[in-house]
Amino acid sequence: MSKCWEIRGCEGDANNYDHCPHAMLGGRCPVDCAFAECSRPQRKQADVLELLEPTVDRSAAVKEYCCTCSFFLQHGPRIEKAEA
């Protein structure tokens with residue numbers, strides 16, 4: 001099952017997916033993308049301290065919007081620290 005930060009808003013409809021340049025090019029949808037807004041019940045704007053969380057793998061998010069979501073910052077994938 002996909003995690004919410006792995007799903008674009010344009011993926012549910014083939015017509016939308018064809019019109020989203022970020023999806024077509026494999027990039028991250030910016031906040032102002034027509035398909036980037038999240039209406040999921042777990043969506044909550046992160047507070048300042050959550051935004052500073054250094055261990056979250058922000059590259060896993062397909063939408064920039066996810067990088068400011070408290071749910072993603074708490075439950076998203078983590079960056080593995082390399083052994084020194």
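Scope of the values below: all heavy atoms of this structure, side chains included, with no hydrogens, waters or symmetry mates.
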**Request:** Give a yes or no on whether V56 and W5 share a hydrophobic cluster (residues Ile, Leu, Val, Met, Phe, Trp, Tyr; joining criterion: side-chain heavy atoms under 4.5 Å apart).
**Result:** yes

**Fill in**
By side chain to side chain contact (heavy atoms under 4.5 Å, CB included), K44 pairs with (sequence neighbours left out) S70

**Request:** Taking side chain to side chain contact (heavy atoms under 4.5 Å, CB included) as the test, write out the residues that go with T55, two or more places apart.
**Result:** E53, R78

**Item:** Set of side chain to side chain contact (heavy atoms under 4.5 Å, CB included) partners for L51, sequence neighbours left out
**Value:** A46, T68, L73

**Item:** Counterpart residues, side-chain hydrogen bond (donor to acceptor under 3.5 Å, both in side chains), relative to S39 (two or more places apart)
**Value:** none

**Request:** Identify, with sequence neighbours excluded, every residue that meets ring pair (Phe, Tyr, Trp, His ring centres under 6.0 Å) alongside F71.
**Result:** H75

**Request:** Would you give the length of the straight line joining atom CD of E6 to atom NZ of K3, rounded to the nearest 0.5 angstrom?
**Result:** 5.5 Å

Going by atom type alone, with no hydrogens or angles, which donor-acceptor pairs under 3.5 Å involve a side-chain atom of residues 28-38 and a protein atom two or more places apart or on another chain?
| unit_1 | atom_1 | unit_2 | atom_2 | d |
| --- | --- | --- | --- | --- |
| R28 | NE | A61 | O | 3.1 |
| R28 | NH1 | E64 | OE1 | 3.3 |
| R28 | NH2 | R58 | O | 2.6 |

